[in-house]
There are 2 protein chains.
Amino acid sequence: MTHMAQASDRSATRWERRGQQVRSHRTQDAILDAAEELFARRGVETTAVTDVAAASGRSIGSIYHHFTNKETLVAAVVDRLLDDLETSVATAIDPSRWQAQDIRGVARAYVGNSLRLDERRPGFKRIIVEVSLVDAATRERYHRLRRRLDDGITALLLERRTEIGHPEPELAARFCVDQLTAMLTARLDSEMTPTQLEAAPDEAFVRHAVESVAGHLRLASAGS
Amino acid sequence: MTHMAQASDRSATRWERRGQQVRSHRTQDAILDAAEELFARRGVETTAVTDVAAASGRSIGSIYHHFTNKETLVAAVVDRLLDDLETSVATAIDPSRWQAQDIRGVARAYVGNSLRLDERRPGFKRIIVEVSLVDAATRERYHRLRRRLDDGITALLLERRTEIGHPEPELAARFCVDQLTAMLTARLDSEMTPTQLEAAPDEAFVRHAVESVAGHLRLASAGS
DNA sequence: ATTATCTATAGATCTATAGATAATGC
DNA sequence: ATTATCTATAGATCTATAGATAATGC
């Protein structure tokens with residue numbers, strides 16, 4: 001049984017000491033989960049390693065066995081967050097995935113996915129902001145991802161330029177993506193800057209955002 | 001001379017020990033200035049009272065003479081920030097100040113003033129956000145100010161409803177203010193979320209924002 | 001035999017205070 | 001005489017390590 005590769009098992013037969021590795025992996029996940037939750041809620045610098053230990057049900061010694069120091073632990077949490085974002089971005093801007101959709105569909109999917117990422121990883125922004133202040137590499141990786149996302153969405157809009165009634169499609173598309181980003185930033189930040197739509201459910205916000213896009217680009221009214 | 005009230009002197013003659021008070025006041029200002037700068041750059045919780053002492057050229061003992069504990073010092077910095085915002089808001093929404101202006105003028109002034117406040121007090125948002133996380137009173141005072149500002153600007157727009165071509169002026173005005181807030185939030189946050197306009201100078205951003213307002217409300221084109 | 005985990009604690013900060021010294025104004 | 005300032009330091013955290021104990025797989 002130890003020599004049989006199981007379908008749902010990521011670990012290959014060539015791995016040795018699989019039990020230890022599984023155990024180790026589980027602990028690391030528990031530590032990272034607890035750390036992410038605490039970092040998001042109370043800040044990175046403000047969270048003590050002892051807090052992470054307590055929240056993950058492990059001891060300090062165990063944490064320092066898996067992570068050489070607090071900096072490494074923080075980096076691991078951040079990497080996991082940015083890996084998640086990277087995956088989201090890749091699917092968001094993949095043209096083949098959206099072939100059947102018109103501009104409204106693309107906008108709807110973009111805004112909806114952004115809201116869902118925030119739901120899956122609450123405090124994502126807070127952690128990235130705090131770490132970015134002291135770590136240039138994190139800041140740059142995040143910026144690259146954001147730019148790739150913006151450029152990708154703009155490209156998806158311009159692939160559908162027959163729908164666009166605006167006389168300068170390039171300019172209008174860029175402006176539009178900026179506006180969507182601004183609306184999303186404001187909504188995800190609404191804990192701090194209240195908006196009229198703040199109380200509205202996600203669904204209404206998405207509809208609102210899509211109509212804003214339609215207005216800017218001067219799409220044919222109604223649609224799908 | 002001690003009994004003559006001086007025109008430019010806030011202290012009245014009934015005050016005693018004026019020299020000491022002036023000295024004391026100067027020290028408190030120096031401490032608050034240093035604290036605000038450090039809090040904005042490196043975070044509130046992350047800044048040690050010793051750091052504030054060093055940056056203000058005073059000793060720890062002196063700081064604890066003027067402020068009973070770190071919490072009080074933080075509260076004093078936050079109060080100063082919010083007082084400043086309160087003054088800005090009051091002039092921003094004062095109808096008598098904008099009588100000569102049309103909607104474009106009001107929008108231009110609003111956006112310009114917001115940018116200028118951020119320049120005068122860089123890191124304003126960062127400090128308020130961090131403190132708001134642990135202090136409900138600060139969060140609520142900030143929220144009240146933001147709402148008063150939004151409502152006030154909306155009212156200024158609606159006082160000029162003859163300019164508005166949109167069939168539903170109320171709705172359009174609210175939406176418009178939300179959109180401006182979103183654009184401002186995004187720009188002031190552009191260190192984190194890059195935008196197309198990020199590199200553009202303030203002047204261009206203001207023009208852009210005003211044109212966005214004009215478009216939404218369907219103002220007569222051109223204008224002042 | 002190796003890897004994972006725990007307990008206990010050294011060493012580095014950081015907050016806050018006590019007590020001495022200096023400046024100000026009666 | 002009162003208020004402002006400083007130096008020195010106690011006590012509370014927090015990071016990181018050392019060394020003992022438990023689990024895993026040869």
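- Dashed line: the shortest gap from a side-chain N or O of B:His65 to OP1 or OP2 of D:dA4 is under 4.0 Å.
- Here the C1' atom of nucleotide C:dA4 and the CG atom of A:Asp29 are 15 Å apart, to the nearest Å.
- Distances shorter than 4.0 Å separate some side-chain N or O of B:Ser24 from OP1 or OP2 on D:dA4.
- Between A:His25 atom NE2 and D:dA23 atom P the separation is 22 Å, expressed in whole Å.
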Task: Under the 3.5 Å Watson-Crick or G-U criterion, the dot-bracket string of DNA chain D, with | for inter-strand pairs - done: ||||||||||||||||||||||||..

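- Within the 3.5 Å criterion, the main-chain N or O of A:Gln21 finds no donor-acceptor partner in the side chain of A:Ser24.
- Annotation: side chain of B:Arg174 is not in contact with side chain of B:Asp178 (no heavy-atom distance under 4.5 Å).
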TODO: Using a 4.0 Å cut-off on protein heavy atoms (strictly under), produce a 5'-to-3' string for nucleotides 10-17 of chain D with B for base contact, S for backbone-only sugar-phosphate contact, and - for none.
DONE: ----SBBB

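- Other residues, nucleotides and ligands place no more than 12 heavy atoms under 6.0 Å from the CD atom of A:Glu71.
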Open item on the list: Would B:Asp51 and B:Arg42 count as a salt bridge (Lys or Arg N to Asp or Glu O under 4.0 Å) here? Give the steps.
Closed with: CA-CA 11 Å; B:Asp51 297 335; B:Arg42 288 170 16 194; 2.8 Å; yes

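- Across the protein-nucleic acid pair, B:Arg26 atom CZ and C:dA23 atom P stand 16 Å apart, rounded to whole Å.
- Taking the side chain as every heavy atom from C-beta outward, A:Arg108 and A:Arg207 never approach each other to under 4.5 Å.
- Between C:dC6, D:dC6, C:dA23, one nucleotide has an atom nearer to the side chain of B:Arg23 than all others, and that is C:dA23.
- A heavy-atom distance below 4.5 Å is found between the side chains of A:Tyr142 and B:Met192.
- Between A:Thr27 and C:dT5 there is a side-chain N or O to OP1 or OP2 distance below 4.0 Å.
- The side-chain heavy atoms of B:Val210 and B:Val111, taken from C-beta on, include no pair separated by under 4.5 Å.
- Under the rule for a ring-ring contact (aromatic ring centres under 6.0 Å, His included), B:Tyr64 has no partner lying at least two apart in sequence or in another chain.
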